[in-house]
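Data first, discussion second: the structure below is written as structure tokens.
This one's a predicted model, so the numbers in the text were calculated from it and none came from an experiment. First listed ligand is number 1; within each ligand, the first listed atom is number 1.
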Amino acid sequence: MQSPEQLKRQEELNRKLKENLGRIRKKLLVLSNKGGVGKSFVATSLALIAARRGLQTGLLDADIHGPSVAHMLGFAGMPLGVTEDNVIEPIPVRENLVAVSTASLLKSQDDSVIWRGPLKMGLLKQFLAEVRWGELDLLIVDSPPGTGDEPLSIAQLIPEMSGAVVVTSPQDIALLDSRKCISFLNQLKIPTLGILENLSGMLCPYCGKPIDVFKQGGGKQAAADLGVPFLGAIPIDPEIVRASDDGKPYVLEHPDSEAAKVLEAIIEEVGKL
Ligand SMILES: Nc1ncnc2c1ncn2[C@@H]1O[C@H](COP(=O)(O)OP(=O)(O)OP(=O)(O)O)[C@@H](O)[C@H]1O
Ligand SMILES: [Mg+2]
């Protein structure tokens with residue numbers, strides 16, 4: 001049972017959540033079943049491209065245990081601002097782009113967050129309700145791997161989610177992984193924008209010929225089998241690892257790369273939602 005004070009607090013949060021979401025035109029979820037397939041790279045790159053196109057963009061790092069957005073965008077260690085009236089200010093990353101991550105709440109990058117479901121739901125609710133996101137054209141949410149507490153909380157907190165991008169690897173297992181994500185999205189009535197295959201082959205830096213490090217085509221096949229759009233394939237580029245480690249905007253610095261082309265096309269699709 002909640003005390004009257006707790007109930008009042010929840011009512012206040014629900015009101016602020018509704019107000020905040022009402023000022024955000026489109027909301028996009030990035031998810032995958034497996035870890036390390038490139039969700040955070042995709043989510044941050046989509047946010048950078050949208051902002052460069054002049055869209056007011058927000059990026060919420062919903063990966064509470066393994067936040068990597070802050071590092072990739074070069075704001076690791078920067079604390080969130082809080083105004084006198086207890087409003088949380090998002091981190092101004094660059095023109096048209098603001099972001100929020102639990103990384104900003106940790107004293108050290110080595111600290112870990114040991115929280116169970118309800119607490120995580122509470123934090124994500126606060127991030128959505130009490131952050132001054134302002135008027136946004138697009139809010140992108142980067143999920144941790146899987147279909148657990150965080151994406152479920154996000155789906156419940158943002159019932160009007162505009163769409164979701166499922167990131168997968170090119171192996172055969174992609175079908176199994178993507179099936180779980182698509183089933184999750186269908187159950188929560190979130191429109192699936194499509195499946196994106198990342199880590200899809202690599203061009204040999206010496207001879208220029210493609211090398212299928214993790215095979216190729218699993219994501220495309222999964223999209224065909226599951227009857228959802230295929231959003232394209234991004235090859236492995238060692239420059240992406242370097243840029244992510246240095247907090248540099250790879251897609252803006254390499255506008256002719258396959259990654260930039262595929263991700264630009266996704267932002268075009270988001271525009272149609
Ligand atoms: N196409 C690519 N080529 C080379 N490196 C990549 C590519 N995509 C992502 N990476 C790198 O792979 C690593 C893992 O990517 P990322 O953190 O985006 O995965 P993730 O799915 O968010 O992981 P997690 O499940 O842990 O949240 C990062 O160092 C990232 O820079
Ligand atoms: Mg991630």
Side-chain angles (χ1 to χ4, degrees), residues 28-49 59-76 99-104 106 109 112-113 120 124 127 140-151 153-154 164-171 173-174 177-178 180-181 184 195-205 210-220 231-266:
L28 183 72
L29 180 66
V30 178
L31 76 165
S32 79
N33 196 51
K34 255 200 322 203
V37 293
K39 290 174 296 300
S40 300
F41 167 66
V42 167
T44 52
S45 300
L46 288 173
L48 286 165
I49 290 172
L59 179 61
L60 171 61
D61 183 355
D63 192 341
I64 293 172
H65 298 287
S68 41
V69 160
H71 196 83
M72 286 182 173
L73 288 176
F75 69 86
V100 168
S101 166
T102 22
S104 296
L106 305 176
Q109 284 197 57
S112 62
V113 179
K120 290 195 273 189
L124 292 174
F127 275 165
I140 297 176
V141 183
D142 179 28
S143 289
T147 48
D149 286 325
E150 293 85 341
S153 299
I154 290 292
V165 171
V166 176
V167 184
T168 189
S169 54
Q171 294 97 319
I173 194 83
D177 282 325
S178 305
K180 288 186 184 163
C181 287
F184 171 85
I195 294 177
L196 171 62
E197 180 175 311
N198 189 28
L199 309 174
S200 178
M202 173 180 169
L203 293 183
C204 171
I211 311 168
D212 292 343
V213 185
F214 298 116
K215 292 173 75 172
Q216 266 197 54
K220 192 169 190 181
L231 299 171
I234 299 178
I236 296 174
D237 181 349
E239 195 50 44
I240 292 182
V241 183
R242 268 196 291 278
S244 298
D245 281 353
D246 297 346
K248 293 224 176 92
Y250 171 88
V251 279
L252 301 189
E253 291 182 358
H254 299 84
D256 297 326
S257 63
E258 201 52 33
K261 284 182 205 158
V262 166
L263 296 167
E264 288 272 358
I266 293 179

Exercise for the section: Report yes if some heavy atom in the side chain of S244 is under 4.5 Å from a heavy atom in the side chain of M72; otherwise report no. Expected result: yes

Practice task
Give yes if a backbone or side-chain nitrogen or oxygen of S32 is under 3.5 Å from a nitrogen or oxygen of ligand 1, and no if not.
Solution key: no

Practice task
Heavy atoms only: give me the nearest D63-S143 pair and the separation to one decimal.
Solution key: CB-C, 4.4 Å

Exercise for the section: Using modelled atom types only, decide if a donor and an acceptor are shared between the side chain of N33 and the backbone of C181 within a distance under 3.5 Å. Expected result: no

Exercise answer: donor-acceptor pairs, residues 233-243 side-chain atoms, under 3.5 Å, sequence neighbours excluded:
| residue | atom | partner | partner atom | Å |
| --- | --- | --- | --- | --- |
| D237 | OD1 | E239 | N | 2.9 |
| D237 | OD2 | Y250 | OH | 2.6 |
| E239 | OE1 | R242 | NE | 3.1 |
| E239 | OE1 | R242 | NH2 | 2.9 |

Handout entry: Protein heavy-atom partner closest to atom 26 (O) of ligand 1 - residue, atom, separation in Å
Key = G36 N, 3.9 Å

Problem - Minimum side-chain heavy-atom gap D142-T44 below 4.5 Å - result: no

Completion exercise
atom 18 (O) of ligand 1: closest protein heavy atom, distance to 0.1 Å, is F41 N, 2.8 Å

Problem - Any side-chain heavy-atom pair of L48 and L73 under 4.5 Å - result: yes

Fill in the blank from the handout: The atoms of ligand 1 lying under 4.0 Å from a heavy atom of D63, numbered in the order shown, are 27 (O)

Practice task
May I ask whether P235 has any heavy atom positioned less than 4.0 angstrom from an atom of ligand 1?
Solution key: yes

Practice task
Report the nearest protein non-hydrogen atom to atom 10 (N) of ligand 1: residue, atom name, distance rounded to 0.1 Å.
Solution key: I240 CG2, 3.9 Å

Handout entry: Numbering as shown, the atoms of ligand 1 that approach D237 to under 4.0 Å (heavy-atom distance)
Key = 3 (N), 4 (C)

Problem - Evaluation steps, side chain to side chain contact (heavy atoms under 4.5 Å, CB included), between I64 and L124 - result: CA-CA 9 Å; I64 293 172; L124 292 174; 4.0 Å; yes

Problem - Top protein contact for atom 8 (N) of ligand 1, by heavy-atom distance - result: N198 ND2, 2.9 Å

Exercise for the section: For P144 and A62, work out which heavy atoms get closest and say how close. Expected result: CD-O, 3.4 Å

Problem - Polar atom proximity, V37 to ligand 1 (N or O, under 3.5 Å) - result: yes

Problem - Protein heavy atom at shortest distance from atom 20 (P) of ligand 1 - result: K39 N, 3.4 Å

Exercise for the section: Examine ligand 1 and decide if any of its atoms is less than 4.0 Å from a heavy atom belonging to M72. Expected result: yes

Problem - Sphere of radius 2.8 Å around the Mg ion (ligand 2) - protein N, O or S atoms inside - result: S40 OG

Handout entry: Those atoms of ligand 1 less than 4.0 Å from some heavy atom in G35
Key = 25 (O)

Practice task
For residues I49 and I266, determine if any side-chain heavy atom of one lies less than 4.5 Å from a side-chain heavy atom of the other.
Solution key: no

Practice task
Could you tell me the residue and atom name of the protein heavy atom closest to atom 29 (O) of ligand 1, and the distance to it rounded to 0.1 Å?
Solution key: V241 CG1, 4.4 Å

Problem - Atoms of ligand 1, numbered as shown, that sit under 4.0 Å from any heavy atom of I234 - result: 1 (N)

Handout entry: S200 side-chain N/O to E197 backbone N/O, donor-acceptor pair under 3.5 Å
Key = no

Exercise for the section: Could you check if a side-chain atom of I154 sits within less than 4.5 angstrom of a side-chain atom of L60, using non-hydrogen atoms only? Expected result: yes

Practice task
Determine whether the side chain, the backbone, both or neither of D245 has a heavy atom under 4.0 Å from any heavy atom of ligand 1.
Solution key: neither

Exercise for the section: Quick one: look up the protein heavy atom nearest atom 19 (O) of ligand 1 and list residue, atom name and how far away it is. Expected result: G38 N, 3.0 Å

Exercise for the section: Using protein heavy atoms only, decide if any is under 4.0 Å from atom 4 (C) of ligand 1. Expected result: yes

Practice task
Report yes if some heavy atom in the side chain of L31 is under 4.5 Å from a heavy atom in the side chain of V166; otherwise report no.
Solution key: yes

Handout entry: Salt-bridge criterion met for K120 and E150 (N-O under 4.0 Å)
Key = yes

Practice task
Return a yes/no value: protein heavy atom under 4.0 Å from atom 12 (O) of ligand 1?
Solution key: no

Exercise for the section: Using a 4.5 Å cut-off on heavy atoms from C-beta on, say whether the side chain of V213 contacts that of L199. Expected result: no

Handout entry: Any side-chain heavy-atom pair of V42 and L263 under 4.5 Å
Key = yes

Handout entry: Per-residue contact class, S244 against ligand 1 - non-hydrogen pairs under 4.0 Å
Key = side chain

